A.B. asks: 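My structure is below; once you've seen it, I'll send some questions.
Since this is a predicted model, take the numbers as computed values, not measurements.
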Amino acid sequence: SVQPAERQRSAGVDRPAPFPYPFDGRANSSNNHFSCNFYVDLQAENIKEEKCFFVGEAMAEFEHSKNYFALKKAPVDAEIKIDLLPEPARKLFTGSGGSRVKEWDNMVKQVKEQGGPAVRIHRGARARELRANYSHRMVPSRWLDKWKDMGDDYIIPLSVQEILDAEVPDHHGAKSRWILQGFHDPDITILRRSVPTPETSDVPLCLQVLASLRAKGWVGDVRGAFSQGMRQQRKDPLFALPPPGGIPGESEDIVIEILAEIYGLISGPPGWRRSLFTTFKSLGFNAHPLAPCVVLMYEEIDNKPNQLSGLICVETDDLLGGGIGPKYQSAIEQLRKEYNFGKWKILMTDQTEYGGRTLKQFPETHPQNAFDFLISTTRYLNEKAVEIKLARGRGKFPKEKADAGEITQMRGLVGKLNWASREGMPQGAGDASLLASTLPTPTIEDLTEANAAMRRLIQNDLPVWIRSIPFADFSMVVF
C-alpha cells in the first residue's frame, strides 16, 4: 500500500494532493485536471454519474454508527461558496447593497441606550496595539453565505438564465451572516453553552390556546438577535479579527471589539436567551412552569383578575405569539421597540414558516372557521427531502440489499419523513416508522417504497387543523 505522497512523487508532482485521490500530473494523464475537482476517479469504469459532484458542492457529515466523516453533496439551503457563483449572483452577496453590506450595517447599528454598541472597531495603531497585548483574546471570524427562503412572494433580481446558472432555489435570496469561529473562544471551558428548544407539543398547544382565546397569531424574526442582547456579559475583553474577504468599507488593519453576543460564539444562544427572557419579565410575562420556551401573560379581562390573555413561544430568534388583552398588546408594542424585527407576519393575513412548519390562521370574517389554525409540513418535505437515486436497472432486483451510498440516502429521507410526520403530518407516521425499521439493511424494494411514500405525502397535503374551541368546552383525559 503506497502512501498518497509517495504516489505523487513517483508521478512527478511536488505539491500535496488537495483531495483524497492523488493528483496525477503526467502529461498523458486523462484526469490531470479533473482529479482536482472531483472526489472520484474518472478512469473507473463502474462510476455512477449521480454520485459525482464538484468539490465545491460537497460537505462532510459525521456518521455516528461508524465514527467517520462521509462526503456528500450539500443541500440547497447549505452554506455556499460565492467564489464559484457567476458574477451577477455573486454581486447579490458582495456588491453595493448586497447581503454582506446589509449584515454589517445591521451589526454596527445595534446600539442600545443601556450598554452601547454591539461591536467597536479599532483601526491603525490602536488595532496593532490590541493585537500585541491581547493576542490570546483574538477570535477569527468569517462570512457565512447561503440562499435563504424569503417567502412565496419574493422575486430575486436576476434573469431566468442567471438563476439557472447560479442554481438558486425558488423564492430564495442572498443571505450573509458575519460569524465568529467560536471554537477559538479563550473562555470555551467555562461558558454555559446549552439552551432549551420547543418540544414537539409546544407549537400546537400554543396555537390551540390562541385559537381558543380568539387571538390573532403572529410570527416575528428578530434581526441579528444575538447582537441585540445584553452587553458586556464577560469579565475579560474579547476581540475578533476581520474575515477573509474583509469587512465592507474597512481595511484589513482593524480589530473588532466584541461587546455583545455574536453568532458563532458558544455563549451566543444562552446570552440571547438571558437577554430576551429578562425583557419578558420586565414586560410582565410569566415563565411557563412546564415549557421553558413559552411565556404567558395574565391580566384582568371582563372584570375577572388573573386571566390568561396571551403567550409567546421562542425558538432562538423566531417568536410565535398572540393575545387579546390591553396589557398584552402594550407589552408587544414595547417588545418591538426594544428589538429590531426583520419579519413580522400576522397569520390571518400571510401564512409563513415557523421552525419548518407552515402556519396559517383563518380570518375572523370566515363564517365557520374563524381563528382556526392550520399546520403543514408539506413545504418542508417538498424542499428538504430528496428522492433516493437508483441506478438504471436496480429496480429489477427488489430483494437485493442496498449499497452504502443508497443506505446513506435512505437514512436522510427517513429522517425527513420522521420529522415531518411528528411535527405536522401524522398521516405519514406509519410509513416513516415502517421504513425506519428496515434500517440498517434496507432492500431496493424498501428504497422504492420510501420514494413513493414521500411523493404521496407531498401530493396529498392534509394539514393539522387547530379548532377554535372555547376553554369551557375542554376536558382533560389522562391515559
Side-chain angles (χ1 to χ4, degrees), residues 59-70 78-79 103-104 106-108 110 112 114-122 126-146 176-199 222 224-247 252 254-281 287 291-293 314-318 339 355:
M59 63 180 290
E61 184 175 81
F62 188 68
E63 174 56 56
H64 292 278
S65 63
K66 301 290 180 62
N67 289 328
Y68 67 87
F69 283 92
E79 181 179 0
E103 166 71 1
W104 188 250
N106 180 63
M107 182 66 63
V108 297
Q110 299 297 346
K112 301 179 75 69
Q114 297 181 350
V119 295
R120 182 179 292 121
I121 301 176
H122 301 278
R126 177 57 177 164
R128 293 188 288 275
E129 179 185 350
L130 290 173
R131 286 176 189 258
N133 295 336
Y134 290 96
S135 60
H136 62 295
R137 304 288 299 175
M138 296 285 169
V139 179
S141 69
R142 70 181 186 90
W143 289 107
L144 186 151
D145 303 295
K146 61 184 293 185
S176 295
R177 180 83 72 186
W178 180 63
I179 62 174
L180 302 187
Q181 296 181 332
F183 52 89
H184 288 286
D185 193 324
D187 303 322
I188 194 169
T189 59
I190 61 175
L191 291 172
R192 180 184 174 189
R193 62 190 71 185
S194 62
V195 295
T197 55
E199 298 287 343
V222 183
F226 290 3
S227 61
Q228 292 196 56
M230 297 166 61
R231 300 318 195 224
Q232 299 178 338
Q233 298 189 54
R234 295 176 184 243
K235 181 175 63 174
D236 297 317
L238 187 68
F239 303 92
L241 301 173
I247 294 293
E252 291 293 318
I254 63 171
V255 164
I256 306 162
E257 186 174 0
I258 306 302
L259 303 174
E261 297 300 334
I262 304 295
Y263 285 91
L265 293 175
I266 62 171
S267 57
W272 162 243
R273 177 181 169 85
R274 189 182 308 114
S275 301
L276 182 61
F277 277 74
T278 299
T279 302
F280 285 153
K281 185 177 181 179
C293 294
V314 179
E315 185 162 354
T316 311
D317 55 359
D318 293 325
Y339 299 108

A.B. asks: Is there a side-chain contact between E261 and S267 (heavy atoms, below 4.5 Å)?
C.D. replies: yes
A.B. asks: Please check this pair: side chain of R120 against backbone of E257, looking for a donor-acceptor N/O pair closer than 3.5 Å.
C.D. replies: no
A.B. asks: Is there side-chain contact between P186 and L238, with at least one heavy-atom pair below 4.5 Å?
C.D. replies: yes
A.B. asks: For a quick test of reading the model, state the closest non-hydrogen atom pair linking G224 to R177 and the distance between them.
C.D. replies: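 The pair with the smallest heavy-atom distance is CA-NH1, 3.9 Å.
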A.B. asks: Mind listing the closest non-hydrogen atom pair of P270 and S194 along with its distance?
C.D. replies: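 Shortest heavy-atom separation between P270 and S194 comes out as CB-O, 4.4 Å.
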A.B. asks: Give the minimum heavy-atom separation between D317 and A225, together with the two atoms involved.
C.D. replies: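 Closest heavy-atom pair between D317 and A225: CB-CB, 3.4 Å.
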A.B. asks: What heavy-atom pair brings D236 and R137 nearest, and what distance separates the two atoms?
C.D. replies: O-NH2, 3.3 Å
A.B. asks: Tell me whether R231 contacts the main-chain N or O of G116 through its side chain, where contact means a donor paired with an acceptor under 3.5 Å.
C.D. replies: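 Side chain of R231 to backbone of G116, a donor-acceptor pair under 3.5 Å: yes, one is there.
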A.B. asks: Can you give me the closest heavy-atom contact between S176 and W143, atom names plus distance?
C.D. replies: CB-CE3, 4.3 Å
A.B. asks: Evaluate the criterion side chain to side chain contact (heavy atoms under 4.5 Å, CB included) for residue pair R273 and V314; output intermediate values, then yes/no.
C.D. replies: CA-CA 9 Å; R273 177 181 169 85; V314 179; 5.6 Å; no
A.B. asks: With rounding to the nearest 0.5 angstrom, report the CD1 to CG distance, I266 to L180.
C.D. replies: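 The CG atom of L180 is 12.0 Å from CD1 of I266, to the nearest 0.5 Å.
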A.B. asks: What are the two closest non-hydrogen atoms of M138 and L130, and how far apart are they?
C.D. replies: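 So the minimum-distance heavy-atom pair works out to CE-O, 3.3 Å.
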A.B. asks: Which distance, rounded to the nearest 0.5 Å, do you find between the CD of Q228 and the OG1 of T279?
C.D. replies: 10.0 Å
A.B. asks: Using side-chain heavy atoms (C-beta onward) and a distance below 4.5 Å, is V139 in contact with I258?
C.D. replies: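 The answer is no, as the side chains (C-beta and beyond) never meet within the 4.5 Å cut-off.
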A.B. asks: To the closest 0.5 Å, what do you measure between CZ (F183) and CG (L265)?
C.D. replies: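 Separation between the atoms: 11.5 Å.
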A.B. asks: If the threshold is 4.0 Å, N to carboxylate O, is there a salt bridge linking R142 and E79?
C.D. replies: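 Looking at E79 together with R142, the answer is yes, because their closest N to O distance falls below 4.0 Å.
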A.B. asks: Is the ring pair W104/W178 parallel, tilted or perpendicular, if the boundaries are 30 and 60 degrees?
C.D. replies: perpendicular
A.B. asks: Could you tell me whether the side chain of K235 reaches within less than 4.5 Å of the side chain of D187, counting heavy atoms only?
C.D. replies: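 Result no, sub-4.5 Å side-chain heavy-atom pair not found.
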A.B. asks: How are the rings of Y339 and W272 set relative to one another: parallel (under 30°), tilted (30 to 60°) or perpendicular (over 60°)?
C.D. replies: perpendicular
A.B. asks: Determine whether M107 and I247 make a side-chain contact, defined as any pair of heavy atoms from C-beta on separated by less than 4.5 Å.
C.D. replies: no
A.B. asks: Answer yes or no: are there more than 12 heavy-atom neighbours, outside F277 itself, under 6.0 Å from its atom CZ?
C.D. replies: yes
A.B. asks: Given 3.5 Å as the limit, does a donor-acceptor pair link the side chain of S227 with the main chain of I262, or not?
C.D. replies: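 Not confirmed, S227 side chain does not pair with I262 backbone.
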